[in-house]
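Here is the structure we will look at.
In what follows, every heavy atom counts, from backbone to side chain, and hydrogens, waters and symmetry copies are set aside.
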Amino acid sequence: KRGTVFDHAVATSSWTAPSTASIHTSLHPIQNGVLSGIVSVKDMQNTNSVLEMNRIPSDVETLAEMLGKEGYQTFGVSDNLNICKEEGFDQGFDQLVTLNNLGADVVGRRVGKWRDRDKDHRPFFLYVHYMDPHAPYLPRRPWYRSGGGELENTIAAYDSEIRFVDEHLSDMCETLNLGENTLLIVTSDHGEEFGEHGGLDHGRTLYQEVV
């Protein structure tokens, strides 16, 4: 009831690394230093050994750095390999944990462990990057509803993963005992294409459904 929905939100890229760097820096990909994810860069380095890892420049202030200067604790858990120290995403975080698509259950436990160990009563900035509403799409019970055909079932699985993460967001809010002085922001680094323009997944086009 007290929330605000931004129904015209546009990502700066149709894939994770540059778009997430924009979220953390308020800069476009051409400015934030991150154009490719760590897996893509490492693949390219196999054929071009002089290619350097792209990363957020150290002189660019991130959201975590800005809040850290204001006295906030800063903790992050990313279930996406691209959000990592090698690409500069750790700037400003007291601790950034990078996982590899282990699921919202594991992410929630890492957040819970951090909070259990936390004896500091300063305000905190917590960044959580889920991977569940993302290929491969898994049918999550009890929210999965078969749609009939292959595409319809894929969309139904994707929708069930969104609902799955909704539940984990709710659980995390309870675990953290979030109070009145809390700002909870739910956003995304890109969307998914389900045949609207003949393709699937993301990162290959810049149609509205992926940005």
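- In this structure, S36 and S40 approach most closely via the heavy-atom pair CB-CB, 4.3 Å.
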Could you go through the side chain to side chain donor-acceptor pair (under 3.5 Å) check for S58 and Q91 one step at a time? CA-CA 8 Å; S58 58; Q91 288 181 206; 5.7 Å; no

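- Heavy atoms only, all atoms of each residue included: L35 and I30 are closest at CD2-N, 4.3 Å.
- Formation of a donor-acceptor pair under 3.5 Å by the T182 side chain with backbone atoms of L178 is not found in this model.
- In this structure, Q45 contributes its side chain and L51 its backbone to a donor-acceptor pair below 3.5 Å.
- For F194 and Y158, the ring centers are positioned less than 6.0 Å apart.
- Following chains of ILVMFWY side-chain contacts shorter than 4.5 Å, one cannot reach I38 starting from V97, and the two form parts of different hydrophobic clusters.
- Residues S22 and T12 have side chains that bring a donor and an acceptor to within less than 3.5 angstrom of each other.
- Without hydrogens or angle criteria, R140 side chain to Y137 main chain gives no donor-acceptor distance under 3.5 Å.
- For R55 (side chain) and E86 (main-chain N/O), a donor-acceptor pair under 3.5 Å exists by modelled atom type.
- Within the 4.5 Å cutoff, the side chain of D43 has heavy atoms near those of the N46 side chain.
- For A104, the side chain to side chain contact (heavy atoms under 4.5 Å, CB included) partners at least two apart in sequence or on another chain are Y130, D132, F164, H168.
- Residues V39 and V41 are members of one and the same hydrophobic cluster, defined by side-chain heavy-atom contacts under 4.5 angstrom among Ile, Leu, Val, Met, Phe, Trp and Tyr.
- A distance-only check finds a donor-acceptor pair linking the side chain of S19 to the backbone of D189 [under 3.5 Å].
- Between the side chains of E87 and N82, no donor-acceptor pair is found at a separation under 3.5 Å.
- Residues V50 and N48 are in side-chain contact: their nearest non-hydrogen atoms beyond the backbone lie under 4.5 Å apart.
- One hydrophobic cluster, built from ILVMFWY side chains closer than 4.5 Å, holds both V128 and L169.
- Once rounded to the nearest 0.5 Å, the distance linking CD of Q31 with OG of S26 reads 10.5 Å.
- Two residues are said to be in side-chain contact when any heavy atoms from C-beta on lie closer than 4.5 Å; D79 and N100 fail this criterion.
- Ion pairing of R2 with E180 is present here, as a side-chain N (NZ or NE/NH1/NH2) and a carboxylate O approach within less than 4.0 Å.
- Hydrophobic cluster of Y127: the remaining members, joined at side-chain heavy-atom separations below 4.5 Å, are L27, V34, I56, V60, L63, M66, L67, Y72, I83, F89, F93, L96, F125, listed by chain and number.
- Cluster annotation: V111 and V186 are assigned to the same hydrophobic cluster (Ile/Leu/Val/Met/Phe/Trp/Tyr, side-chain heavy-atom contacts under 4.5 Å, transitive).
- Contact of the E152 side chain with the I155 side chain is not registered, since no non-hydrogen atoms from C-beta on lie closer than 4.5 Å.
- A donor-acceptor pair shorter than 3.5 Å cannot be found between the side chains of E161 and Y144.
- Between the side chain of S14 and the backbone N or O of T205, at least one donor-acceptor pair lies under 3.5 Å.
- Between E61 and K69 there is a salt bridge, with a side-chain nitrogen of the basic residue lying less than 4.0 Å from a carboxylate oxygen of the acidic one.
- When side chains are defined from C-beta on, V211 does not count as touching S13, because their heavy atoms never get closer than 4.5 Å.
- Counting only distance, with no hydrogens or angles, the side chain of T74 and the backbone of D94 share a donor-acceptor pair below 3.5 Å.
- Note that SG of C84 is 12.0 Å distant from CG of L99, once rounded to the nearest 0.5 Å.
- For E196, the CD atom sits in a packed shell: over 12 heavy atoms of surrounding residues, nucleotides or ligands are nearer than 6.0 Å.
- Rounding to the nearest 0.5 Å gives a distance of 10.5 Å between CH2 of W143 and CZ of R145.
- Under a 3.5 Å cut-off, the side chain of N153 and the backbone N or O of S146 do not form any donor-acceptor pair.
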Evaluation steps, side chain to side chain contact (heavy atoms under 4.5 Å, CB included), between H129 and N80: CA-CA 7 Å; H129 192 123; N80 188 306; 3.9 Å; yes

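- For the pair T175 and G112, the tightest heavy-atom approach, listed with the atom from each and the gap, is CG2-CA, 4.2 Å.
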Evaluate the side chain to side chain contact (heavy atoms under 4.5 Å, CB included) criterion for residues H134 and H202: first the C-alpha distance (whole Å), next the side-chain angles of each, then the deciding distance (0.1 Å), finally the verdict. CA-CA 10 Å; H134 193 287; H202 63 274; 3.3 Å; yes

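- In this structure H197 satisfies the ring pair (Phe, Tyr, Trp, His ring centres under 6.0 Å) test together with Y207, sequence neighbours excluded.
- When side chains are defined from C-beta on, T16 counts as touching H190, because their heavy atoms get closer than 4.5 Å.
- No donor-acceptor distance shorter than 3.5 angstrom exists from the side chain of W114 to the backbone of R109, with no hydrogens or angles considered.
- Residues F124 and R115 have side chains in contact (heavy-atom distance under 4.5 Å, counting atoms from C-beta outward).
- The hydrophobic clustering, which links ILVMFWY residues whose side-chain heavy atoms are closer than 4.5 Å, places L200 and I162 together.
- Although no hydrogens or angles enter the test, the distance criterion places a donor-acceptor pair under 3.5 Å between the side chain of T25 and the main chain of A21.
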